[in-house]
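Everything numeric in this text was worked out from a predicted model, so none of it was measured. All ligand and atom numbering here is 1-based and tracks the order in the structure.
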Amino acid sequence: MSNAIPAPRVLSGIQPTADSFHLGNYLGAVRQWVAMQDDHDAFYCIVDLHGITVDFEPAVLRDRTRRAAAQLLAAGIDPERSTLFVQSHVAEHAQLGWVLGCITGFGEASRMTQFKDKTVKGGAERATVGLFTYPVLMAGDIMLYQADRVPVGGDQRQHLELTRDLAGRFNSRFGTTFRVPEPYIVKETAKILDLQTPEKQMSKSLAGPGCLFLLDKPSVNAKKIRSAVTDSGHDVRFDEANKPGISNLLTIYAALTSTSVADLEQKYEGRGYGDLKKDLADVVVDFVTPFRQHTLALLNDPAELDRVLAEGASHARDVAGPTLAAVYDRVGFIPAR
Ligand code: TYM
């Protein structure tokens, strides 16, 4: 008889809403996903249902979904060790999302800052109801798999709090059904900043010269690093309040080379910003070049990508199905015959 303790469960998701992941997605989330495969039972999901909460084109969405899969594989997600799948392939996500929506307060959902941020431009009148309930669907993604940990960037903290509240609320009202998940946010890389506007976080919605897309040509990315905005001083020192641009470059450099910011400060003591940027541009090129080649090679065989995703969905359904069945029973739905 084995008395091995099962590995903790991890679940995370990424939206197929850009042609390429950006460096913030990678350092804030995907890098942790890859590392956590070693000692977790891992579920990673391309969240296409979330991808239609904002403007989208069907053909583009289809292409971006496969691109997301290819990038996750190229980054090191191993389908032999992780369950990699597409959200819409597992109907339980939408089904649990509905039930959770019915135990979420309207005011509670209205307090989600990401919805407010995303609706600043177009106003609430133009925003979809899907965008409003986005965090509830996300809570369902996590709860369906009884995840212990959820590796995300710092911008998802509030959504994780809502998830914990909903799991606790469901459990106390209907009997223990869900594990209450913990956010897994790596402090150093929780918020990678835009290279041109280092007051803001790097984001595809700011997509300009300050957003480093991993699949852009390496020479384009080298240029983006070399022309990153820095302050008027010249000593290379980590100081987020006064030197956000340089501090961001140090964070990126340290993360991509697995060194510490302190070691980098020492290395660049007495040298200027130019040296730092030139070296970091080389580091970035060394990282993105094989990543890009690997991704493009995988995209040449969409049938194989679809096969990997189908296998992932089949395993995901095996886990999600029993959770949803328990939920349906506890809320009082009679069994379908
Ligand atoms: P998405 O696709 O917008 O972002 C994917 C991940 O990238 C992180 N991230 C960043 N981290 C650090 N610095 C940045 N500048 C930066 N920009 C983005 C995000 O925090 C995220 O971890 N709502 C999720 C998708 C989702 C999900 C889930 C996540 C849907 N269901 C269930 C976890 C569990 C999102 O933000 O995706």
Under 4.0 Å, heavy atoms only, figure out whether ligand 1 is touched by the backbone of [X], its side chain, both or neither.
X    : result
L27  : neither
K204 : side chain
V47  : side chain

**Message:** Rounded at 0.5 Å granularity, tell me how far CG in D194 sits from CG in L23.
**Reply:**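 Reported value, rounded in 0.5 Å steps: 11.5 Å.
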
**Asked** From D275 CG over to K267 NZ, what is the distance, rounded to the nearest 0.5 angstrom?
**Response** 9.5 Å

Does ligand 1 have any atom that is closer than 4.0 Å to a heavy atom of [X]?
X    : result
Q114 : no
T17  : no
S203 : no
Y134 : yes

**Prompt:** Mind checking whether P151 has an N or O less than 3.5 Å away from an N or O of ligand 1?
**Reply:**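 No, P151 has no N/O under 3.5 Å of an N/O on ligand 1.
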
**Prompt:** Less than 6.0 Å separating the ring centroids of F132 and F106?
**Reply:**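 Judged by ring-centre distance (under 6.0 Å), F132 and F106 do meet the cut-off.
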
**Message:** Is it the case that the side chains of S82 and Q37 hold a donor-acceptor pair, with the cut-off being a distance below 3.5 Å and no angle test?
**Reply:**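 Looking only at side-chain atoms, S82 and Q37 do form a donor-acceptor pair, the distance falling under 3.5 Å.
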
Nearest protein heavy atom to [atom], by residue and atom, and its distance?
atom                    : answer
atom 17 (N) of ligand 1 : H22 CE1, 3.3 Å
atom 28 (C) of ligand 1 : M138 CG, 3.4 Å
atom 18 (C) of ligand 1 : N25 ND2, 3.4 Å

**Item:** Closest non-hydrogen atom pair, A139 against L100
**Value:** C-CD1, 4.1 Å

**Message:** If the threshold is 4.0 Å, N to carboxylate O, is there a salt bridge linking D279 and R271?
**Reply:** yes

**Message:** Could you check whether any side-chain heavy atom of H159 comes within less than 4.5 Å of a side-chain heavy atom of Y134, counting everything from C-beta outward?
**Reply:** yes

**Item:** Qualifying residue for side-chain contact (heavy atoms from CB on, under 4.5 Å) with F178, from R164, M143, R169
**Value:** M143

